[in-house]
Amino acid sequence: QFSSWIVHRLSNISYNPTLHPISTMMKLAVLAALAGSAAAFAPASTTRAATSLSAKSQALPFLEAPPNCEGYVGNVGFDPFRFSDFAPVDFLREAELKHGRIA
């Protein structure tokens, strides 16, 4: 509502040759700053995106179970950073064994 009021006020500004152009530009700059700061304090939308995952992880019950880890031995749903969404789980397990042996 406030931003529409600002747009309405800015659209009704007419040129007045008696006003100094700097003062008009300063007024416009102040109005733009006020509009930006008012938008920063607007209430955020509270709607959440619906997800198709409904199963909760056994290891982290506050997170959803990662679907790409299903069917693997020892799966308890521990993938908090969701690495399995970006790389195959087979590759991740091989890398974990390789680097664990080097360390």
Side-chain angles (χ1 to χ4, degrees):
Q1 292 89 4
F2 182 73
S3 59
S4 62
W5 177 81
I6 292 291
V7 170
H8 175 72
R9 293 291 293 172
L10 290 176
S11 65
N12 288 336
I13 293 176
S14 60
Y15 177 71
N16 186 351
T18 59
L19 289 177
H20 197 274
I22 299 296
S23 68
T24 303
M25 288 196 306
M26 282 292 272
K27 288 179 184 177
L28 289 175
V30 168
L31 282 174
L34 285 175
S37 64
F41 294 103
S45 65
T46 57
T47 58
R48 293 188 65 175
T51 59
S52 61
L53 300 174
S54 61
K56 294 294 181 184
S57 170
Q58 293 174 353
L60 303 169
F62 52 88
L63 291 178
E64 297 171 350
N68 297 334
C69 293
E70 291 298 320
Y72 285 95
V73 176
N75 176 31
V76 290
F78 186 79
D79 189 11
F81 294 115
R82 304 295 289 224
F83 288 128
S84 63
D85 291 345
F86 305 106
V89 177
D90 295 330
F91 171 77
L92 295 173
R93 286 190 170 203
E94 289 173 13
E96 183 178 7
L97 289 172
K98 174 185 174 185
H99 295 294
R101 288 180 184 152
I102 291 174

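All values below come from the heavy atoms of this structure, side chains included, with hydrogens, waters and symmetry mates left out.
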Exercise for the section: Give the minimum heavy-atom separation between Pro67 and Arg82, together with the two atoms involved. Expected result: CD-NH2, 3.4 Å
Completion exercise
Closest non-hydrogen contact found for Arg93 with Tyr72 is NH2-CB, 3.5 Å
Handout entry: Under the side-chain hydrogen bond (donor to acceptor under 3.5 Å, both in side chains) test, residues paired with Asn75 that sit two or more places apart
Key = none
Exercise for the section: Please write out which residues are connected to Val73 in a hydrophobic cluster, directly or through intermediates, given that two of Ile, Leu, Val, Met, Phe, Trp, Tyr count as joined at side-chain heavy-atom separations below 4.5 angstrom. Expected result: none
Handout entry: Test ring pair (Phe, Tyr, Trp, His ring centres under 6.0 Å) applied to Phe86 - qualifying residues, sequence neighbours left out
Key = none
Practice task
Quick one: list whatever passes ring pair (Phe, Tyr, Trp, His ring centres under 6.0 Å) with Phe83, sequence neighbours left out.
Solution key: Phe81
Exercise for the section: State whether the side chain of Asn68 and the backbone N or O of Ser84 hold a donor-acceptor pair below 3.5 Å, judged by distance alone. Expected result: yes
Practice task
Could I get the full list of side-chain contact (heavy atoms from CB on, under 4.5 Å) partners for Ala59, not counting sequence neighbours?
Solution key: Ser57, Val76, Phe78
Exercise for the section: Could you list the residues that satisfy salt bridge (charged side-chain N to carboxylate O under 4.0 Å, His left out) with Asp90, not counting sequence neighbours? Expected result: none
